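Report on one structure; see the data block that follows.
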Amino acid sequence: MPNNNTAFPAVMEGTIGSETIQTVNARELHSFLELGVRFNDWVSRRITEYEFEEGKDFYSELSKTTSGGRPSREYHISLDMAKELAMVERNEKGKQARQYFIECERRAKNAVDPVAVLNNPAAMRGLLLTYSEKVIELEGRIEADKPKTQFFDQFMNADGLYGLQNAARALNCRPNLFIRWLKEHYLFYQGGNLVARVQFIQMGIFEVKTTLIDDKVRPQAFITPKGLKYLNERVPDDLRMRGAA
């Protein structure tokens, strides 16, 4: 049975031929694949079987030893070779390894070398243009959301929270139906006081504050700005008095 706790082989920078690329230690890949075959037999057979070339697909070297024992030969293989070796095993570990190598390639392609960018005016202009476009897009979203934000703000109390009645008004809902819906899904009575369930407080949907009512300190549920957005996406349409908020 495969051991899912086996660590993925490390992906390191190495030089094959004259090219510096990402490489994998074939012995680590063999260990991860859990094949039940001696490493030397496996790697030799695969190199011959699939016609991998030293200096193009991999390079090998004798490992250094401090115990005086016989050094072993280590194979450092390209990611393309590693993906092929993983794929031909046709097992779950091989599938996992191949997906892992693909993700390593994707991250390497998306990585930005700051030194290279600084030394390349064209790349610098492209990078600045990309960030400028993102800033303009974000500013546009903020401007588009401003009327809705201003509308919601008028129902907010001094603490930046919404009482249940005001939250209903902000969402264009009938307050009595809205609160009944909250009781069914988010609130419950605790000693006669309506409070939020713990998981929704932890999610930041509600806050419970204590207020003085009739000379008694009572807990009271309030909806946060995050909670208002959350509930707005889930409140049934038949609770609204007219078009959605």
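Worth saying up front: this structure is predicted, and the values here are computed from it rather than measured. No hydrogens, no waters, no symmetry mates; every other heavy atom, side chains included, goes into these values.
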For [X] versus [Y], what's the shortest heavy-atom pair and its separation?
X	Y	value
M81	D57	SD-O, 3.6 Å
A221	L187	CB-CD2, 4.2 Å
F58	I16	CA-CD1, 3.8 Å

Under 3.5 Å donor-acceptor, [X] side chain and [Y] backbone:
X	Y	answer
K226	M203	yes
S31	R27	no
R234	K229	no

I'd like to know whether CD of E51 has more than 12 heavy-atom contacts from other residues, nucleotides or ligands below 6.0 angstrom. no
Residues at least two apart in sequence or cross-chain that pass ring-ring contact (aromatic ring centres under 6.0 Å, His included) with Y230, listed by chain then number, are none
Going through the checks in order, is the side chain to side chain donor-acceptor pair (under 3.5 Å) test met by T23 and E13? CA-CA 6 Å; T23 63; E13 191 174 86; over 6 Å; no
Do the side chains of [X] and [Y] get close enough for a salt bridge, i.e. N-O under 4.0 angstrom?
X	Y	answer
E84	R46	no
R73	E61	no
E103	R107	yes

Quick check, are the ring centers of F32 and F8 under 6.0 angstrom apart? yes
Honestly curious: do L33 and M87 fall in one hydrophobic cluster under the side-chain, below-4.5 Å linking rule? no
So do the side chains of [X] and [Y] get within less than 4.5 Å of each other, counting heavy atoms only?
X	Y	answer
I77	N25	no
L231	Y186	yes
E54	S60	yes

